[in-house]
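Below: the structure, in structure tokens.
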Amino acid sequence: MAAITVKTNPRGLSRDDYKGLATTLCAGCGHNSITNHIVKALYDHGVDPFRLAKMSGIGCSSKATAYFVERAHAFNAVHGRMPAVTTGAALADRELLFLGISGDGDTASIGLGQFCHLLRRNVDCTYVVENNGVYGLTKGQFSATADPGSVLRKGAVNQLETIDIAGLAVQLGASFVARSFSGDGPQLVPLLRAALSHRGTAVLDVISPCVTFNDHEGSTKSYQYVKEHELILQDLDFIPQQAEVEVSYDEGTATEVELHDGSHLRLRKLGRDHNPQDRLEALRVIDEGRRSGEVVTGLLYVNPELPDLCSAQHLPRIPLRDLDASQLRLTRDQFAALLEEWS
Amino acid sequence: MAAITVKTNPRGLSRDDYKGLATTLCAGCGHNSITNHIVKALYDHGVDPFRLAKMSGIGCSSKATAYFVERAHAFNAVHGRMPAVTTGAALADRELLFLGISGDGDTASIGLGQFCHLLRRNVDCTYVVENNGVYGLTKGQFSATADPGSVLRKGAVNQLETIDIAGLAVQLGASFVARSFSGDGPQLVPLLRAALSHRGTAVLDVISPCVTFNDHEGSTKSYQYVKEHELILQDLDFIPQQAEVEVSYDEGTATEVELHDGSHLRLRKLGRDHNPQDRLEALRVIDEGRRSGEVVTGLLYVNPELPDLCSAQHLPRIPLRDLDASQLRLTRDQFAALLEEWS
Amino acid sequence: MAEPGFIDLNLVASTVNGSGSQSANLVLTRAVFAMGIPVAPKNLFPSNIEGLPTWFYLRATSKGYRAGRRRADLLVALDRPTFQADLAKLEPGGVLVYEEAFGPPQLEEGLPIHLYPVPFGKLAKASVPDPDLRKYLTNLIYVGVVAEILGVPDAALEAALTQQFRSKPKAIAANREAIALGRDYFRTNLTKTDLLTLNPLDRTSGQLLLDGNQTAALGAIMGGCTVLAWYPITPSSSLAEHVIALADRYRIDPETGERRIATIQAEDELAAAGMVLGAGWAGARAMTTTSGPGISLMAEFVGLGYYAEIPGVFVDIQRVGPSTGLPTRTMQGDISFAYTLSHGDTRHPVLLPGTVRECYEFLEQAFDLAEQLQTPVFVLSDLDLGMNLWMTEPLPYPDQDFDRGKVLHKEELDRMVRFERYRDVDGDGVPWRTVPGTEHPLAAYFTRGSGHDEAARYTESEETYTRVMDRLARKLETGRDRLPAPIVDEQANGLGILAYGSSHHAVVEARDILAAGGLATDYLRLRALPVASSVADFVAGHSRVYVVEQNRDGQMQQILQVELGAQLAARLVSIRHYDGLPLFAADLVEAIRQQEFAAEGAPRTHVAAGVTG
Amino acid sequence: MAEPGFIDLNLVASTVNGSGSQSANLVLTRAVFAMGIPVAPKNLFPSNIEGLPTWFYLRATSKGYRAGRRRADLLVALDRPTFQADLAKLEPGGVLVYEEAFGPPQLEEGLPIHLYPVPFGKLAKASVPDPDLRKYLTNLIYVGVVAEILGVPDAALEAALTQQFRSKPKAIAANREAIALGRDYFRTNLTKTDLLTLNPLDRTSGQLLLDGNQTAALGAIMGGCTVLAWYPITPSSSLAEHVIALADRYRIDPETGERRIATIQAEDELAAAGMVLGAGWAGARAMTTTSGPGISLMAEFVGLGYYAEIPGVFVDIQRVGPSTGLPTRTMQGDISFAYTLSHGDTRHPVLLPGTVRECYEFLEQAFDLAEQLQTPVFVLSDLDLGMNLWMTEPLPYPDQDFDRGKVLHKEELDRMVRFERYRDVDGDGVPWRTVPGTEHPLAAYFTRGSGHDEAARYTESEETYTRVMDRLARKLETGRDRLPAPIVDEQANGLGILAYGSSHHAVVEARDILAAGGLATDYLRLRALPVASSVADFVAGHSRVYVVEQNRDGQMQQILQVELGAQLAARLVSIRHYDGLPLFAADLVEAIRQQEFAAEGAPRTHVAAGVTG
Ligand SMILES: Cc1ncc(C[n+]2csc(CCOP(=O)(O)OP(=O)(O)O)c2C)c(N)n1
Ligand SMILES: Cc1ncc(C[n+]2csc(CCOP(=O)(O)OP(=O)(O)O)c2C)c(N)n1
Ligand code: SF4
Ligand code: SF4
Ligand SMILES: [Mg+2]
Ligand SMILES: [Mg+2]
């Protein structure tokens, strides 16, 4: 058989090495597009499948971890509780690369408390919310991210305030917050890579239309609506640490954010100025978008300096499971001395 | 025995009618001062004890509902879950006046998810967080509102981001958000009365020092710290609906907010301008205070227009319990027709 | 097929979900039903929205059995991936209708199967341009083919279509054509070699086809539910959605537009439970609907409801656990967990509906019971009862007004010198309560989950704590015989069967089979926990009682062992079915026969895992 | 007082909490202990921080009994509000030391009580200017008075003070003076009329005074716990705080400053449980500490741990439920709830320590068991064990290395052609696992709470579901006899007692009393669930077995009825104590005597509410 050459990444892996099982989601579901962008991002990023841990809750979105990188471990937790499980796993082995996939119901309804506390702890993980404004898997009820006035297929109108995941994350002091759209690979892929390079919790609020239950007229999470109302903050390029800067670009219009592992995210501004290191600025663009009904996408806020939970806990680099009795127990002398002290 | 005249409020009740059981909290606890301010506010406001429902979770703070208005019903729920219980009770009887007392652990740790969803639904209630940055009842562990770098008596330093209850509430679109200090009755009483007059969820984040576990050097929730770092936004006067305006004041320096029941809150600005109807503005002063270490107090944000949950649900004015079978069941004809339709 | 008019036909249609097959299955079901033939349809669907295999079982029997049957007399194979595997579902001598494009099936040598290949895809393509509609109508074509094979008349199909598309009659034409397409194809291109046929009967008149969530929803409305707090979860969501739909029709005041019920989609089950308690405390009739995982999340609040004595209705449409388990399969797996839900000493009334009619009745009664006993009341249905259609007699209009239990209003308080919330003044363990908003100085009390005395004052006194806990135990005793009584069919046979919930229908059929085989049995159907006192008599009257249930650990068996005491417990034999499918009569018969013909020595209380289909 | 050197003295000090009385109580305890006299101190404190009544029980016995006694030989009354009520605690002929300012006590006619009024307030005021310090030292004055009455030598007090204030020796002087103040006052102003005295013994040498949360914390550290996720709740908080303190001393790398354990205060118990599962899944030895309400909140996650087979240690320091209940009182009320926690069919190994030494040992073993069985393991202690000081022999250094259970690493995988996470290759129901980060293409698998097959693939297949559930049941059977075995003391007496946990200590004493009264008993102390097979033999060997426990519903009794089967169940008699106080031997003796001398006819399995003190 003649040798066939397959394109590979720096790690020597082919795109197929990042594939997963065939999707069982609906044809056209935004979640499937996100899966494809994730595969590309992981491939381009040269992620080691053995170090990748795929985390999720419950929902159509949360099923998606089965559809990429079959060779990585995955933990499909209970509904809304992925943050706690991820926190525990991250403490156990800080060298793992955590990629969490959740839904808007999973994160903003049942999981809201845990989500907020995950951000507060700045657990080192990428947290993707595949946001369609409804509960897909239970057949289309409103979720907490549905916008006021948006309409269900059967006519029900949402009366309540929306929970803006990105805005909430910024307000809580999250260290990396972006919003994107399942249909916008060129934007989502660099954001995913930047998130992977960031140390701390990187939140990606990705609008991901549910074609079966929330892609109709009157929905604010439909393909149509996002296409018509998307306000893109920047053009994004991810520049790996190794790569020396080739692309030349005209000063002023572009800025760069250095990420924890030395790689960079280059932002070329579109229309308005936005400094992603200014939290108040981020709160403003989000709040304005909320009022105008625009879907503001791009890198909203980043703070590469905030220490992640494992650093705050002063944990060793090696996984905790590799510590043996001699490292974990008191010595016989210490033990005897302690009892003496207790007597 | 000679008749003695007791001072009474418009409802003909004396201050004592608003008293509760003797406190079992520590002498000097901020929560006790808040209780006194609440008694004054309820007395001044002429609240009907029979329509008052005192709600709380679990904690020293949550015990406080026993220490005022003994003649009112009270529900001391489980830890962090008072919002859900209050929501259910508010639906059952929208004519009740709900006054909820919680703690920072009760609200920002275990109860954070429910708290956020209470705001989202804009349930008609006053929600007081007696915020001391620690768990008092379990003997002084950090809560989620502890500021980064603040220190416990035994020396432990908080590594994590703080959850700013007021900032969070504003970001989530709460309809009434204020911050105050247990030691500042002149500010807290009018805020409480305004909250009682507001229809929707009124959040009062009240710094309330724990003298036993968090009133020492290095704490940012101590009497000392607040006294030194408080930044008061406005002087506040509550003007009941009936009362015609007596006090004359020089224009420009003062503004008024009309509340749902027709009463007004008059704000006389101190130092900086702050428009409490501008959400972004509120987010800014909170964020700035967070950075500068100042404790910004006063009315931060109010939106008297946002419909409350019972309105959104189109519930009748009378309590649901008073509806009888004739109002709740299908008639025999309707019943027969429905079965016919189902057959 | 012994006696004339005898029918026992089992059809299985293998399709993919989200393709509209459900609607086709329903048309066929209603058509057979319209022929006067009792039907028992069961839908086996995946936990997913579109594109995965789903099986539809339609059983038609002259006896009117409600249970399903495992093997198919007629298999319709429209799903390629499962085509081969599905063949195992066929009875020898059965009929196979399949998509011609799959090619001929690999059948084991000499298996006498009647093959009817049909080019469903081609037929649809030729006649339906729009691809989505085509996918949908392909399923209707199978209905036509089956109708032709079994002799289902057009009139019956027509009746089914009108009923089905009542709300959108325009759709009827297209469906009718698709059915005709199938019928014609069979007529012109295939010849019937099998003997299956359905002759009209008159055994469905006056009967309805309803699912238990639909009837439970009506029960909640008729029971006066005024607050529904829920969180979506299969298989309970449709119950809440039915309540909302009914409320939109019947609870809105035409003049004012006011809605006489609050229906809140909570952020999760903890919140839903909390809302129920808050509403119940304030005097509303509140309920929540959920399934296993939700019950776990409600544990803390239910304990509060028990100790603070707050009424509330908690409906659990059981699915397969543990954890997420099999969300679209059925089980009776939450019995013991719900019965003593929450930490510490607790115990809750549990209603166990066995029919869709009882789903209606028990929901309606649950609100009375919750207020009479001032405690959380559970209704444990399951996916089979809740989401499948069942033939049922019409539902009765309630013959009684609400019983709001012991509530004191201003008027009564005026005549009292003292009110103590938790004082057992009547000796039945049930105290009197007031609701907030009662305009009387005696009315107020302090509700808490911590230690309290008769006057609802906080206390840590050991005597008081014990006194209150003993009263709570007494209160449940008061409830014991107010709950739906067991239904007993007893002819003094030595052998007894005890079952509950949806297992009932397989028991009915199994008893016929056993009796035909010379093994007569008596039968007690338990309808509530704690077990009624009459259960002891039934067990005492039989040398051996088979406890039939759908879980691995014999949960009811364990409860009975404890509540009946050791002497009677020795007579119980546990039969457990726990594969997520509804219980089949044949499996039950086999299990009982195994036992009856087992070596006398064999310890009867140690039936291995039991029936596992 | 029969034999020479016999001592059985019970002191009760009634003070207010937050006043520093605790420290005084401790000094007295250590002083008596220093005299070589076995002590059993018990603290009855309120669920509040300062200013409410609190009672300290100090029992000193030559026999070394660990249980308390209800009535006081010596009552120290320093709390005015409870002064009168507390008098009921006095044994006739007892001694009353009280604050003179309260005025003379109202005693019932002719009750022979020795009265020692002491002006504690005045004495303190005169000698201690600072009011806070004064409040505190007042309690030390009572220690001096009591020391004088009972003849506790200064040397013993000195030893106690040095031990007590090891960390802040400066404080010793002031405390010493306050004690002297009390001693002197008694000497100069009062004359001893009673006969109470404590003569030195030599029965405490080599013994320690430790509380169970402290020893459990050390057990966790020695067991290799590397992740602690907890949420504060009485009475479990001190366990977590001890772990953190020990970690700060022994788990920090002196060079790098790295900390070899993560200790996270979660936002609630749901999160804590989730962190434990996440950490266990990733290979760490993780645990959480909580009490009743936390167990309710962990229900959903524990079900996931059971079905997905993830190791984790769940420690429940039981307090009085239901709901918030009595947070500062003790009970064994979560036994059956924890045992089958979560919806669906589940069952978890439960360890039941009965001594502070076992709190240490079982915690240390729990991590091995969790990893061996790959499932959540519960350790059920209680407030009495966890928060009171107990006399114990020194704790043994572990004699074995960790057993990490069946974990496959790269090396093993290299030698394999296939790895299936949930395949029972060894026939013991326990599969092999890998952890994320294992550098091998075979290592990865998909962990989920939904239906899965042996290869961890998603499935809704009924056969597979049943197979997996049957294996999980088998797995627990494998665990059954690996768990701590019962401890049996059997001399072929007809009568047996079965107890577990902290009830043990009252049983020990009660057996002596019963034996002295001519009623010899055998004793089995259960130390884990599911019950070891040997329990059946014990019950079979006795005509009657008293099941002693601290809850209302006889939870262990019920578990035994089910696990032992009907025949043996008939021999069990339930004795239930549930008032929140530790079990007293006298109550137990009374309950057993009542039974033994009850009419033969009386159905023994229906002991009414049982012992309620
Ligand atoms: C405790 C619990 N409650 C409810 C459910 C049912 N459930 C499954 S997925 C889901 C919502 C999923 O919505 P979302 O997270 O937005 O995901 P999507 O399907 O929209 O991608 C719910 C309520 C569950 N599995 N567990
Ligand atoms: C489910 C549950 N977990 C833990 C506890 C223990 N607990 C009681 S109060 C409290 C924290 C109280 O802190 P906060 O709300 O700030 O009130 P504070 O005492 O500071 O006023 C905790 C953790 C509980 N009662 N219930
Ligand atoms: S239901 Fe919606 S969210 Fe779920 S798979 Fe289909 S399209 Fe996607
Ligand atoms: S412990 Fe702190 S919060 Fe609690 S009562 Fe005392 S001072 Fe107040
Ligand atoms: Mg969604
Ligand atoms: Mg606090």
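This structure is a prediction, so every number in the text was calculated from the model and none was measured. Note on naming: letters A, B, ... go to the chains in the order of the sequence lines (proteins, then strands), and numbering restarts at 1 for each one.
To the nearest 0.5 angstrom, C:Asp268 atom CG is 9.5 Å from D:Glu300 atom CD. Atom NE2 of D:His343 and atom CZ of C:Arg319 lie 6.5 Å apart (nearest 0.5 Å). Going from atom CG of C:Leu297 over to atom CG of D:Leu297 covers 8.5 Å, rounded to the nearest 0.5 Å. We find the CD-CG distance between C:Glu462 and D:Leu44 to be 7.0 Å, quoted to the nearest 0.5 Å. Atom CZ of D:Arg448 sits about 11.5 Å away from atom OG of C:Ser323, to the nearest 0.5 Å.
Contacts between C:Leu304 and chain D at a heavy-atom distance below 4.5 Å involve backbone atoms as well as side-chain atoms. Interface remark: C:Ser336 contributes no atoms to any contact with chain D (heavy atom separation under 4.5 Å). Heavy atoms of C:Ala338 lying under 4.5 Å from chain D are absent altogether. For a residue to count as touching a neighbouring chain, one of its non-hydrogen atoms must lie under 4.5 Å from one of that chain's; by this rule C:Gln555 touches chain D with the side chain only. When heavy atoms are compared at a cutoff of 4.5 Å, C:Phe45 approaches chain D solely by way of its backbone atoms N, CA, C and O. Looking at D:Met469, the atoms closer than 4.5 Å to chain C (heavy atoms on both sides) sit in the backbone and in the side chain alike. Looking at C:Ile559, there are no atoms closer than 4.5 Å to chain D (heavy atoms on both sides), in backbone or side chain.
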TODO: Take D:Phe337 and C:Phe337 through the test ring pair (Phe, Tyr, Trp, His ring centres under 6.0 Å) and record every step on the way to the result.
DONE: CA-CA 8 Å; D:Phe337 188 59; C:Phe337 188 60; 5.7 Å; yes

- [ ] Could you walk me through whether D:Thr466 and C:Arg552 pass the side chain to side chain contact (heavy atoms under 4.5 Å, CB included) test, one step at a time?
- [x] CA-CA 9 Å; D:Thr466 314; C:Arg552 182 194 66 182; over 6 Å; no

TODO: Start with the C-alpha distance between D:Glu460 and C:Thr328, add both sets of side-chain angles, then the distance that settles side chain to side chain contact (heavy atoms under 4.5 Å, CB included), and finish with yes or no.
DONE: CA-CA 9 Å; D:Glu460 295 172 358; C:Thr328 58; 4.1 Å; yes

- [ ] Assess whether side chain to side chain donor-acceptor pair (under 3.5 Å) is satisfied between C:Tyr458 and D:Asn48, documenting all intermediate values.
- [x] CA-CA 12 Å; C:Tyr458 180 78; D:Asn48 139 297; over 6 Å; no

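By number of non-hydrogen pairs under 4.5 angstrom with chain C, the leading residue of D:Ser291, D:Pro293, D:Gly554 is D:Pro293. For the set D:Ala473, D:Ser450, D:Gly449, the count of heavy-atom pairs under 4.5 angstrom toward chain C peaks at D:Gly449. Note: C:Pro322 leads C:Gly333, C:Gly321, C:Pro322 in heavy-atom pairs under 4.5 Å with chain D. The most heavy-atom pairs under 4.5 Å with chain C, out of D:Pro327, D:Gly580, D:Gly325, come from D:Gly325. Of the listed residues (C:Leu568, C:Thr346, C:Thr459), the one with the most heavy-atom contacts under 4.5 Å to chain D is C:Thr346. Per-residue counts of heavy-atom pairs under 4.5 Å with chain C were compared for D:Val302, D:Ile335, D:Leu270, D:Thr324; the largest is that of D:Thr324. The candidate with the highest count of non-hydrogen atom pairs below 4.5 Å against chain C, out of D:Gly292, D:Gly303, D:Gly451, is D:Gly292.
Between D:Asp579 and C:Tyr465, the closest heavy-atom pair is CA-CD2, 4.3 Å. Pairing each heavy atom of C:Ala299 with each of D:Ser296, the nearest pair is CB-O, 3.7 Å.
No option in D:Asp345, D:Val562, D:Thr340 other than D:Asp345 meets the side chain to side chain contact (heavy atoms under 4.5 Å, CB included) test with C:Asp553.
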